[in-house]
Amino acid sequence: LTSCIVPRPIAWVTTMDKNGILNAAPFSFFTGVSIEPPLLLFAVERRKGAKKDTVVNIEENHEFVVNVVTKLNVNQMNVTSQDFSPKEDELELAQLTPIPSIHVKVPGIKESPIQMECRSYQLIEVGSSPHTLVIGEVLGIRVQDELMADGRIAMPSLQAVGRMGGKFYTQTGELFELAR
């Protein structure tokens with residue numbers, strides 16, 4: 001299934017536990033859900049039957065930030081995909097810089113050109129693993145100024161990275177326009 005639904009965007013999610021320890025983790029079962037209200041969704045599989053830190057933190061404080069993975073930060077994203085102890089600050093381990101958010105207490109990742117600040121809207125358990133579907137309401141979006149052109153994100157400049165199957169990733173490069 002993960003090799004058939006491709007390419008998949010990556011939700012690089014930052015959360016914070018009740019003691020202020022930061023967590024960053026990538027999830028490639030990720031998509032937008034609706035515009036009004038602005039909702040996004042990502043799925044988090046359990047690890048050895050236990051909820052991952054991302055879900056535990058969202059259950060505790062209901063806030064998170066989705067950061068965009070690009071060609072420039074993909075290696076740091078890969079570092080955060082490892083299993084770390086809940087007491088380890090994954091931003092620090094991946095040499096990432098937390099950037100204060102406006103609408104939530106959880107910081108975004110400065111090295112990501114886009115941060116979507118979210119409040120949990122609904123968490124749904126599905127499957128036999130199970131997976132937690134995290135639906136978040138987007139409270140605000142921050143985009144680096146140099147990515148903006150005529151009020152829109154300049155897609156060629158973004159250089160977003162997507163997940164393929166297994167160890168394969170792809171980056172946006174050859175874009176084309178198609179009139180509706």
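For P130 against E125, the heavy-atom pair with the smallest separation is CG-OE1, 3.4 Å. Of all the heavy atoms in V68 and N73, the pair that sits closest is O-ND2, 3.4 Å. Shown here for S3 and G166, the closest heavy-atom pair between the two residues is OG-N, 4.4 Å. The two residues P100 and R142 have their closest heavy-atom pair at O-NH2, 2.8 Å. Of all heavy-atom pairs between T14 and G108, the closest is OG1-CA, 4.1 Å. Taking all atoms of both residues into account, the shortest heavy-atom contact from G140 to H103 is CA-CD2, 3.6 Å.
Remark: the T80 side chain and the E90 side chain contain no N/O donor-acceptor pair separated by less than 3.5 Å. In this model, a donor atom of one side chain and an acceptor atom of the other lie less than 3.5 Å apart for T97 and E111.
When side chains are defined from C-beta on, F84 does not count as touching D53, because their heavy atoms never get closer than 4.5 Å. The shortest distance between side-chain heavy atoms of L22 and P107 falls below 4.5 Å.
The one candidate from L91, I58, T54 that meets the side chain to side chain contact (heavy atoms under 4.5 Å, CB included) condition with N23 is T54. Each of V69, T70, V65 was compared with N67 under the side chain to side chain contact (heavy atoms under 4.5 Å, CB included) criterion, and only V65 meets it.
Linking ILVMFWY residues whenever their side-chain heavy atoms come closer than 4.5 Å, directly or via other members, leaves L41 and F29 in distinct clusters. In terms of hydrophobic clustering, with Ile, Leu, Val, Met, Phe, Trp and Tyr side chains grouped at heavy-atom distances under 4.5 Å, I109 and V106 are assigned to a common cluster. Linking ILVMFWY residues whenever their side-chain heavy atoms come closer than 4.5 Å, directly or via other members, leaves L72 and I10 in distinct clusters. Transitive grouping of hydrophobic side chains (ILVMFWY, heavy atoms separated by less than 4.5 Å) brings V126 and L39 into a common cluster. Hydrophobic clustering of Ile, Leu, Val, Met, Phe, Trp and Tyr side chains at less than 4.5 Å, counting indirect connections, keeps M155 apart from V74.
Using modelled atom types, no side-chain atom of S120 and backbone atom of G136 make a donor-acceptor pair closer than 3.5 Å. Judged by distance alone, the side chain of S85 and the main-chain N or O of K87 form a donor-acceptor pair under 3.5 Å. Using modelled atom types, one side-chain atom of S112 and one backbone atom of I114 make a donor-acceptor pair closer than 3.5 Å.
Taking CD of E137 as the start and SG of C118 as the end, the distance is 9.0 Å to the nearest 0.5 Å. The distance from atom CG of L139 to atom CD of E117, rounded to the nearest 0.5 Å, is 7.5 Å. Here the CG atom belonging to N61 is positioned 8.5 Å from the CG atom belonging to D17, to the nearest 0.5 angstrom. Atoms CG and CG, from L123 and L133 in turn, are 8.5 Å apart once rounded to the nearest 0.5 Å. Note that CZ of R8 is 12.0 Å distant from OG1 of T170, once rounded to the nearest 0.5 Å. With rounding to the nearest 0.5 Å, the separation of CZ in F30 from CG in L40 is 5.0 Å.
Environment of CD in E92: sparse, with no more than 12 heavy atoms of neighbouring residues, nucleotides or ligands closer than 6.0 Å. Around CD of Q95, the count of heavy atoms belonging to other residues, nucleotides or ligands within 6.0 Å does not exceed 12. Within a 6.0 Å sphere centred on OH of Y121, heavy atoms belonging to other residues, nucleotides or ligands number 12 at most.
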Yes or no on side chain to side chain contact (heavy atoms under 4.5 Å, CB included) for M16 and I21, after CA distance, side-chain angles and deciding distance? CA-CA 6 Å; M16 185 168 43; I21 297 173; over 6 Å; no

Check step by step if side chain to side chain contact (heavy atoms under 4.5 Å, CB included) holds for D83 and R47. CA-CA 9 Å; D83 286 330; R47 185 79 76 206; 3.0 Å; yes

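Taking the six-membered ring for Trp, F27 and F42 have ring centres closer than 6.0 Å.
The side-chain tip of R163 does not point at the ring of F168 from less than 6.0 angstrom away and within 45° of straight on.
Checked for salt-bridge contact, E63 and K105 miss the test: no charged N lies under 4.0 Å from a carboxylate O. A salt bridge does not link E45 to K52: none of the charged nitrogens lies less than 4.0 Å from a carboxylate oxygen.
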